[in-house]
Q: 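My questions will all concern the structure given below.
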Amino acid sequence: MKRRKWPLKGWHKRYFVLDKGILRYSKNQHDFSKGKMHGALDVSLAVMSVNKKARRIDLDAGDILYHMKAKTPDLYYIWVTKLSAHRMYKKNEAAHVHNGFLQALSQSSHLSHKNSPTQDMVSKVVPTLTSCSPLNHQGLGESMASRKYRASLSKAPAKLNSIKNTGHRTTLPAVCPDNSHVGLMTILYNNIGKDLSRVSMPAALNEPVCLLQRLCEELEYSDLLDTANHTDDPYQRMVYIAAFAISGYATAQYRNRYKPFNPVLGETFECIREDRGFRYISEQVSHHPPISACHAESNNFNFWQDQRWKNKFWGKSLEIMPTGMVNVTLKNYGDHYEWNKVVTCIHNVLSQQRYLEHYGEVIIRNLKSSVCTCKITFSRYWGSDGSKNEVQGQVLDETGNIVHRFGGFWHEGIFCDTLPNPQCIWKPNPQPKNYMIYYGFSSFAMEMNELTPDLKPLLPPTDTRLRPDQRLLEEGKIEETDKKKDEVEEKQRERRKILAKRGEEHIPCFFRKTLDAAGKEVWLYNGTYWKIRDNAGFVNVKNLELW
């Protein structure tokens with residue numbers, strides 16, 4: 001079985017052939033016999049991790065990542081045994097070719113290894129293995145790059161209302177640290193296949209924002225929601241909602257060298273942006289599993305989500321798999337839009353050729369109306385610059401007919417050519433000066449952790465801006481950061497032990513757990529944060545001591 005990536009859940013049955021160290025697969029045996037391949041992988045170049053209990057086999061070749069599952073323990077044992085043998089065969093074959101090449105250079109003779117001892121041995125021990133098992137995989141497919149979209153986007157100016165001077169800071173107190181000395185390989189290889197959100201990392205691998213702030217970064221282009229709330233046509237309105245859903249991924253383009261801080265249980269973050277017309281509150285509501293909940297409101301929209309991330313290293317690639325739905329309501333029309341998020345993967349994480357991509361499908365539904373839905377496809381990168389970071393989408397009516405098409409690139413912008421006036425719907429703001437020495441932050445990200453004298457007394461003591469280890473990192477004090485980070489994490493462990501001893505559970509302050517219409521567990525804002533802030537203030541209420 002192979003894990004699906006289109007969309008992101010479940011497994012697909014695929015027909016696999018393992019022959020002389022090359023694993024190929026097709027949709028079925030008939031397609032394979034006709035030469036219709038969906039993919040191929042040299043198993044000797046991949047890191048293989050296995051999970052006997054789940055019957056999982058994960059192969060990570062850096063640019064290709066296969067997640068497979070056997071139906072039975074016997075099949076699992078056969079596949080693990082054969083894959084291991086074929087990996088050894090290919091590695092021995094490579095060594096034989098290398099030695100033979102050196103010999104040829106020294107003796108000026110032709111190299112022939114048709115009947116090499118290694119190949120003869122493996123052909124007896126490791127015959128061609130064909131198997132049909134449910135596997136979930138993304139087909140290679142033809143690139144959908146437009147096409148047309150890139151040319152249209154290149155002519156479109158940035159949205160001036162998004163890049164006006166905000167009065168906030170434009171740099172950080174210190175440049176990002178050099179983390180080349182950190183033994184990342186040892187840390188990652190000791191945790192292959194595990195959820196890295198539970199693994200403590202050295203501070204030099206962090207950026208001075210936490211996941212609560214990263215969720216707030218998704219509101220950088222909230223003006224798209226403002227526009228949607230003043231667009232009468234429901235199909236055009238959906239185009240703006242889709243552009244907003246895509247815009248949240250743009251910040252990742254330059255952010256593959258460092259990771260955000262994991263919030264501790266009970267940590268909060270507020271963001272009031274009068275220039276953008278919204279206010280935002282978030283809280284870490286669960287530690288195991290880690291869940292971050294947030295809510296933003298404005299005169300035009302409400303925005304909320306609770307996100308759970310699993311970060312897994314497979315040997316060469318790091319996958320970030322979010323679960324949870326994003327929700328937006330528009331006040332003029334009563335619409336309630338809901339959509340999922342796609343997988344983010346950092347490939348070749350241990351090399352200088354590291355790159356990041358998002359892939360999968362996003363489905364946007366209006367829970368208040370069935371007039372239209374939207375499907376957005378984030379394409380895989382197959383080595384062609386024309387298809388890198390490509391996104392295409394369709395707005396469909398109730399019968400499934402396409403009403404609008406749009407496309408582009410999540411780091412360059414989105415163009416819709418089916419509107420009455422074809423236009424660029426969204427384009428990311430230019431990066432600030434010297435952004436690479438400041439963690440690759442956008443101007444909006446630079447402002448996340450800013451703490452002004454007039455703001456400090458208004459915040460609860462649980463606000464991220466007051467977290468000492470994150471503040472020390474922002475100031476460039478790496479050694480002090482590591483010590484303080486250990487203290488903060490140890491304090492969290494002690495609080496958990498005390499609660500467990502009492503037989504109690506942590507109760508979040510500003511969000512409550514409930515079930516949505518589909519029966520899924522969700523965390524919703526309980527309405528208390530702004531009431532406390534606007535009235536008595538947090539100095540007059542009981543607060544958690546987090547650090």
Side-chain angles (χ1 to χ4, degrees), residues 7-9 195-198 209-220 222 225 241 244-245 247-249 251-252 259-271 278-298 301-312 319-330 335-344 358 360 362-367 448 460 462-464 492 496 505-530 544 546:
L8 301 173
K9 298 177 182 177
D195 184 359
L196 294 182
S197 64
R198 300 191 178 196
V209 294
C210 78
L211 286 169
L212 300 176
Q213 293 166 312
R214 286 294 293 267
L215 287 178
C216 186
E217 287 186 61
E218 295 179 20
L219 287 166
E220 178 168 1
S222 60
L225 299 181
I241 295 294
F244 173 77
S247 72
Y249 294 94
T251 188
K259 65 176 288 291
F261 277 80
N262 294 327
V264 298
L265 187 61
E267 187 170 341
T268 62
F269 174 71
E270 73 158 54
C271 182
F278 71 78
R279 60 183 186 178
Y280 166 98
I281 173 61
S282 54
E283 181 179 8
Q284 190 71 4
V285 296
S286 174
H287 184 58
H288 288 314
I291 303 176
S292 304
C294 69
H295 183 273
E297 56 191 44
S298 81
F301 64 85
N302 285 333
F303 164 93
W304 72 94
Q305 60 178 313
D306 60 80
Q307 286 299 326
R308 309 132 199 248
W309 291 270
K310 283 190 176 179
N311 306 320
K312 291 196 175 181
E319 270 193 323
I320 303 164
M321 296 162 282
T323 60
M325 306 296 280
V326 184
N327 294 265
V328 165
T329 57
L330 297 181
D335 292 342
H336 179 176
Y337 300 95
E338 181 185 74
W339 64 89
N340 62 291
K341 288 186 171 180
V342 297
V343 168
T344 296
H358 308 295
V362 172
I363 305 297
I364 307 178
R365 294 182 175 88
N366 184 349
L367 303 184
M448 283 290 112
T462 54
D463 194 275
T464 296
Q492 176 172 233
R496 289 181 62 213
E505 288 188 359
H506 171 78
I507 301 175
C509 295
F510 309 113
F511 289 81
R512 59 183 174 85
K513 183 163 61 175
T514 185
L515 299 177
D516 66 8
K520 294 180 295 186
E521 181 184 288
V522 293
W523 289 88
L524 299 179
Y525 175 54
N526 64 17
T528 59
Y529 185 89
W530 301 114
L544 291 172
L546 301 183

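In this text, all values refer to a predicted model and were calculated from it rather than measured experimentally. Every heavy atom of this structure was used, including side-chain atoms; hydrogens, water molecules and symmetry mates were not.
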Q: What heavy-atom pair brings Leu546 and Leu265 nearest, and what distance separates the two atoms?
A: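 Here Leu546 and Leu265 meet closest at CD2-O, 3.5 Å.
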Q: Mind checking what makes side chain to side chain donor-acceptor pair (under 3.5 Å) contact with Asn327, not counting sequence neighbours?
A: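 With sequence neighbours excluded, Asn327 shows a side chain to side chain donor-acceptor pair (under 3.5 Å) to His336, given in chain and number order.
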Q: Please assess Tyr525 against Trp530 for the test side chain to side chain contact (heavy atoms under 4.5 Å, CB included), listing each intermediate value before the final yes or no.
A: CA-CA 11 Å; Tyr525 175 54; Trp530 301 114; 3.1 Å; yes
Q: With His358, which residues qualify under ring pair (Phe, Tyr, Trp, His ring centres under 6.0 Å), at least two apart?
A: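 Residues passing ring pair (Phe, Tyr, Trp, His ring centres under 6.0 Å) with His358: Tyr249, Trp410.
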Q: Which residues satisfy the ring pair (Phe, Tyr, Trp, His ring centres under 6.0 Å) test with Phe278, sequence neighbours excluded?
A: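 None.
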Q: Please enumerate all residues that pass salt bridge (Lys or Arg N to Asp or Glu O under 4.0 Å) together with Glu283, with sequence neighbours excluded.
A: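 Listed in chain order: nothing, the list is empty.
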Q: Throw together a table of side-chain donor-acceptor distances under 3.5 angstrom for residues 512-524, partners on residues two or more places apart or in other chains.
A:
unit_1 : atom_1 : unit_2 : atom_2 : d
Asp516 : OD1    : Ala518 : N      : 3.0
Asp516 : OD1    : Gly519 : N      : 3.0
Asp516 : OD1    : Lys520 : N      : 2.8

Q: Would you name the heavy atoms of Ile364 and Ala245 that are closest together and state the gap between them?
A: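 That closest heavy-atom pairing would be CD1-CB, 4.3 Å.
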Q: Over all heavy atoms of both residues, which pair between Gly266 and Thr462 is shortest? Give the atoms and the distance, please.
A: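 Between these two residues, the closest heavy atoms are O-CB, 3.6 Å.
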Q: Restricting to salt bridge (Lys or Arg N to Asp or Glu O under 4.0 Å), what partner residues turn up for Glu270, sequence neighbours left out?
A: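 Checked Glu270 against salt bridge (Lys or Arg N to Asp or Glu O under 4.0 Å); matches are Arg533.
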Q: Answer whether the closest heavy-atom distance between the side chains of Leu215 and Ser282 falls below 4.5 Å.
A: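 The answer is no, as the side chains (C-beta and beyond) never meet within the 4.5 Å cut-off.
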Q: Using side chain to side chain donor-acceptor pair (under 3.5 Å) as the criterion, list what pairs up with Asp306, not counting sequence neighbours.
A: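 For Asp306 the side chain to side chain donor-acceptor pair (under 3.5 Å) partners, ignoring immediate neighbours, are Arg308.
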Q: Going by the rule ring pair (Phe, Tyr, Trp, His ring centres under 6.0 Å), which residues pair with Trp339 if we only count those two or more places apart in sequence or in a different chain?
A: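 With neighbours one apart ignored, the set is empty.
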Q: Within the structure provided, determine whether Gln307 and Ile291 are in side-chain contact (heavy-atom separation under 4.5 Å).
A: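 They are not in side-chain contact.
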Q: What residue among Thr464, Leu211, Asn262 forms side-chain contact (heavy atoms from CB on, under 4.5 Å) with Glu267?
A: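 Result: among Thr464, Leu211, Asn262, Thr464 is the only option passing the side-chain contact (heavy atoms from CB on, under 4.5 Å) with Glu267.
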Q: Do Leu330 and Ile241 come close enough that some side-chain heavy atom pair is under 4.5 Å?
A: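 Answer yes - side chains close enough.
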Q: Between CG of Leu219 and OG of Ser298, what distance do you get to the nearest 0.5 Å?
A: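 One finds 9.5 Å between CG of Leu219 and OG of Ser298.
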Q: May I have all residue pairs that pass side-chain hydrogen bond (donor to acceptor under 3.5 Å, both in side chains) and include part of residues 287-296, sequence neighbours excluded?
A: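 Applying side-chain hydrogen bond (donor to acceptor under 3.5 Å, both in side chains) to every pair that reaches into residues 287-296, excluding sequence neighbours, yields Arg198-His288, Gln284-Ser292, His287-Gln492.
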Q: Below 4.5 Å, heavy atoms only, C-beta onward: do Met321 and Lys310 meet side chain to side chain?
A: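 A side-chain contact exists here, since the closest heavy-atom pair is under 4.5 Å.
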Q: Report the C-alpha separation of Gln213 and Phe261 in whole Å, then their side-chain angles, then the decisive distance to 0.1 Å, and conclude whether the side chain to side chain contact (heavy atoms under 4.5 Å, CB included) test is met.
A: CA-CA 10 Å; Gln213 293 166 312; Phe261 277 80; over 6 Å; no
Q: Hey, does Phe303 have a side-chain heavy atom less than 4.5 Å from the side chain of Val326?
A: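 Heavy-atom side-chain distance check passes, below 4.5 Å.
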Q: Taking the side chain as C-beta and beyond, is there a heavy-atom pair between Glu218 and Lys341 under 4.5 Å?
A: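 Sidechains of Lys341 and Glu218: in contact.
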Q: Does the side chain of Thr344 come within less than 4.5 Å of Trp309's, by heavy atoms?
A: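 No. Closest side-chain heavy atoms not under 4.5 Å.
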Q: Considering residues at least two apart in sequence or located in another chain, which fulfil the side chain to side chain donor-acceptor pair (under 3.5 Å) criterion with Ser222?
A: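 Side chain to side chain donor-acceptor pair (under 3.5 Å) list for Ser222, sorted by chain: empty.
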Q: Indicate the atoms forming the closest heavy-atom contact of Asn526 with Cys509, along with that distance.
A: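 Closest approach of Asn526 to Cys509: ND2-O, 3.0 Å.
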Q: Can you name the side chain to side chain donor-acceptor pair (under 3.5 Å) partners of His506, sequence neighbours left out?
A: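 Here no residue qualifies.
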Q: Do Trp304 and Ile281 come within less than 4.5 Å of each other through their side chains, counting heavy atoms only?
A: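 SC-SC contact between Trp304 and Ile281 ruled out.
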